[in-house]
There are 2 protein chains.
Amino acid sequence: MKPCAGFARKRAWKASVKSDVNKTTRGIQSRNREEVTARILAAAEKVFAEFGYAGASISRIAAVAGLPKSNVVYYFETKEALYRRVVGEIFDIWRAAADSIATDNDPIHALGDYIDTKLDLARTRPYGSKVWANEIIQRAPIVQDYLEEELRSWTENRIAVIDAWIENGQIRPISPRHLLYAIWAMTQHYADFTHQITTLNDGVELTDAQWNETKAAVKDLLLCGVALPDLNRA
Amino acid sequence: MKPCAGFARKRAWKASVKSDVNKTTRGIQSRNREEVTARILAAAEKVFAEFGYAGASISRIAAVAGLPKSNVVYYFETKEALYRRVVGEIFDIWRAAADSIATDNDPIHALGDYIDTKLDLARTRPYGSKVWANEIIQRAPIVQDYLEEELRSWTENRIAVIDAWIENGQIRPISPRHLLYAIWAMTQHYADFTHQITTLNDGVELTDAQWNETKAAVKDLLLCGVALPDLNRA
DNA sequence: TCTTTTTCTGACCGATCGTGCAGAAATACC
DNA sequence: GGTATTTCTGCACGATCGGTCAGAAAAAGA
């Protein structure tokens with residue numbers, strides 16, 4: 001998977017050049033660096049999701065990660081740089097989830113796999129989705145460049161695939177763009193609005209069985225509008 | 001439309017009792033009060049949407065409303081009280097939008113009207129939707145009581161209506177709960193993610209024609225999974 | 001007019017924020 | 001061992017926050 005280069009723009013580690021030069025001789029330190037940064041990123045994803053960008057304080061992120069505030073600043077020089085890394089991670093994950101949308105694949109299976117994977121991510125990585133939602137709601141004040149450079153071209157490539165399916169007569173001639181938006185909306189809804197869904201589920205989180213029902217229902221609703229008319233449909 | 005009493009809980013105006021008693025004799029002052037509070041509420045809805053609860057400062061809301069900060073505090077004693085009023089307003093509007101979901105109405109038309117109205121609101125009142133999304137994403141730290149008291153019963157009533165439609169054989173036996181979630185997700189997506197959609201539209205807002213296409217596409221996708229099989233479908 | 005009530009505002013307080021920085025502590029390198 | 005580099009941390013600074021309060025200004029009531 002292509003790394004999210006756009007988000008690293010403002011990162012210029014004093015140490016990174018050196019550690020690239022002497023990479024083989026400094027294994028232990030590098031491993032610790034990765035462990036700590038991973039712990040900070042996980043904590044940041046959770047805190048940014050639960051409090052928003054403005055409401056998330058570095059000290060709270062540090063507390064969740066079990067580190068002093070200064071240590072977080074040491075690894076991620078500014079709050080904004082840390083935030084960009086968090087947003088970039090979820091975007092990379094989402095992008096990989098759409099690998100099944102390729103011209104050679106069967107449309108219904110490909111879209112079904114995409115929905116399944118995206119709903120799995122809604123369950124396993126809900127914080128990342130919430131951070132993304134917050135950023136977009138607030139008009140992408142920090143990652144707007146990324147929307148224009150990466151998201152735009154990526155989206156148009158996927159639309160081209162769906163258009164090809166339509167031209168080949170493999171699916172109904174629906175609007176590819178609105179289909180993508182529909183999939184994004186419904187799958188991310190189950191991540192971003194987890195709390196509402198849980199409250200409407202008598203306050204208890206969805207069970208494995210309920211998540212499977214959700215997957216089936218979402219695919220049923222969405223793909224019913226995509227699949228070619230089946231005269232044998234009950 | 002039933003007012004949103006739950007959100008007024010913590011409001012206890014020093015003046016409200018008096019102004020109720022002498023309502024007829026104090027027309028001018030009351031009118032001003034309503035004008036100013038309306039302007040504050042509009043500004044607050046916008047600022048809460050764009051910066052989140054933590055990021056929205058009273059001084060910024062006041063600046064947007066064209067008032068000194070102290071004046072905002074005078075009318076809404078705390079930031080939290082002002083926020084509750086804003087969230088309550090959008091919820092009341094959304095609740096009214098679902099009036100068409102009644103047993104006696106034709107399912108397809110009723111759901112289509114609901115989707116149309118909700119998408120109109122996504123265009124005309126996008127800030128309210130964003131405030132709601134932010135609140136839910138952050139696990140409803142301020143209006144959780146309202147979710148449990150109002151949203152839960154309201155949702156179950158709508159589910160009962162859809163269940164009745166299914167029992168009458170008017171629609172396919174889909175999951176009413178997931179259908180509601182799907183409608184919420186897709187309609188609110190066009191409000192909450194307006195900025196992403198605009199960016200993917202070459203940076204220009206959707207035109208009237210594009211909004212009509214959106215309505216048609218959303219209804220096509222969703223209602224196709226709801227309507228009974230039509231053997232004449234092209 | 002005089003009094004009372006309501007409306008409005010600037011000044012201020014304690015708390016928290018992001019971040020810079022000096023220097024301690026730990027590790028790597030020779 | 002000693003030196004250099006990286007890692008880590010406490011402290012301090014200016015800015016901004018939500019909210020209080022005294023009192024001015026305006027309106028209402030008599």
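A quick note: this is a predicted structure, and the numbers were derived from the prediction, not measured. Residue numbering restarts at 1 for every chain, and letters A, B, ... go by the order of the sequence lines. No hydrogens, no waters, no symmetry mates; every other heavy atom, side chains included, goes into these values.
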In this structure, how many angstroms lie between the [atom2] atom of [N] and the [atom1] atom of [X], rounded?
| X | N | atom1 | atom2 | value |
| --- | --- | --- | --- | --- |
| N32(A) | dT5(D) | CG | C1' | 16 Å |
| E77(A) | dC8(D) | CD | C1' | 15 Å |
| I58(A) | dT16(D) | CD1 | P | 17 Å |
| E34(B) | dT7(C) | CD | P | 11 Å |
| N71(B) | dA22(D) | CG | P | 19 Å |
| Y83(A) | dG18(C) | OH | C1' | 16 Å |
| R60(B) | dT16(D) | CZ | C1' | 11 Å |
| L82(B) | dG19(D) | CG | C1' | 14 Å |

_Listing request: all salt bridge (charged side-chain N to carboxylate O under 4.0 Å, His left out) pairs with a residue in residues 40-52 of chain A, at least two apart in sequence or in separate chains._
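Counting only pairs at least two positions apart or across chains, the salt bridge (charged side-chain N to carboxylate O under 4.0 Å, His left out) contacts touching residues 40-52 of chain A are E45(A)-R125(A), E50(A)-R139(B).
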
Name all residues meeting the side chain to side chain donor-acceptor pair (under 3.5 Å) criterion together with [X]; count only those two or more places apart in sequence or in a different chain, and write none if there are none.
| X | result |
| --- | --- |
| W94(B) | none |
| S175(B) | H178(B) |
| Q196(A) | W132(B) |
| D208(B) | R123(B) |

*Does any pair with a residue in residues 51-68 of chain A pass side chain to side chain donor-acceptor pair (under 3.5 Å), and if so which ones, sequence neighbours excluded?*
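For residues 51-68 of chain A: S57(A)-S59(A).
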
_Residues which pass side chain to side chain contact (heavy atoms under 4.5 Å, CB included) with A182(A), listed by chain and number, not counting sequence neighbours_ =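 Partners of A182(A) under the side chain to side chain contact (heavy atoms under 4.5 Å, CB included) test: L222(A), M186(B), L221(B).
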
_Angle of first-five versus last-five pair axes in the helix from dT1(C)-dA30(D) to dC30(C)-dG1(D), to 10 degrees_ =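 Result, rounded to 10 degrees: 10°.
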
As a test of reading the structure: which of [options] is closest to the side chain of [X], going by heavy atoms?
| X | options | result |
| --- | --- | --- |
| P68(A) | dT9(D), dG18(D), dT9(C) | dT9(D) |
| Y74(A) | dT6(D), dT19(C), dG10(C) | dT6(D) |
| T78(A) | dG18(D), dC8(C), dT19(C) | dT19(C) |
| K79(B) | dG19(D), dT19(C), dT7(D) | dG19(D) |

*So, does E135(A) use its side chain to make a donor-acceptor pair with the main chain of I142(A) at under 3.5 Å?*
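Yes: the side chain of E135(A) pairs with the backbone of I142(A).
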
*DNA chain C-proximal residues of residues 49-57 of chain A, any heavy atom under 4.0 Å*: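 A56(A), S57(A) - these, ordered by number, are the residues of the stretch whose heavy atoms sit under 4.0 Å from the strand.
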
*Would you please name every residue forming a salt bridge (charged side-chain N to carboxylate O under 4.0 Å, His left out) with R39(B), sequence neighbours left out?*
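Checked R39(B) against salt bridge (charged side-chain N to carboxylate O under 4.0 Å, His left out); zero matches.
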
*Got a sec, which residues hit salt bridge (charged side-chain N to carboxylate O under 4.0 Å, His left out) with R152(B), two or more places apart in sequence or on another chain?*
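Partners of R152(B) under the salt bridge (charged side-chain N to carboxylate O under 4.0 Å, His left out) test: none.
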
_Check the orientation of Y83(A) and F48(A). Use parallel for under 30°, tilted for 30 to 60°, and perpendicular for over 60°._
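Ring orientation of Y83(A) relative to F48(A): perpendicular.
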
_Does K130(B) form a side chain to side chain donor-acceptor pair (under 3.5 Å) with Q138(A)? I'd like the steps, not just the answer._
CA-CA 9 Å; K130(B) 291 173 180 173; Q138(A) 297 177 19; over 6 Å; no

Each nucleotide N or O in nucleotides 11-15 of chain D that has a protein N or O under 3.5 Å away: list the pair and distance.
none

*Report yes if a side-chain nitrogen or oxygen of R33(B) is closer than 4.0 Å to either non-bridging phosphate oxygen (OP1 or OP2) of dT7(C); otherwise report no.*
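The answer is yes; a side-chain N or O of R33(B) sits under 4.0 Å from OP1 or OP2.
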
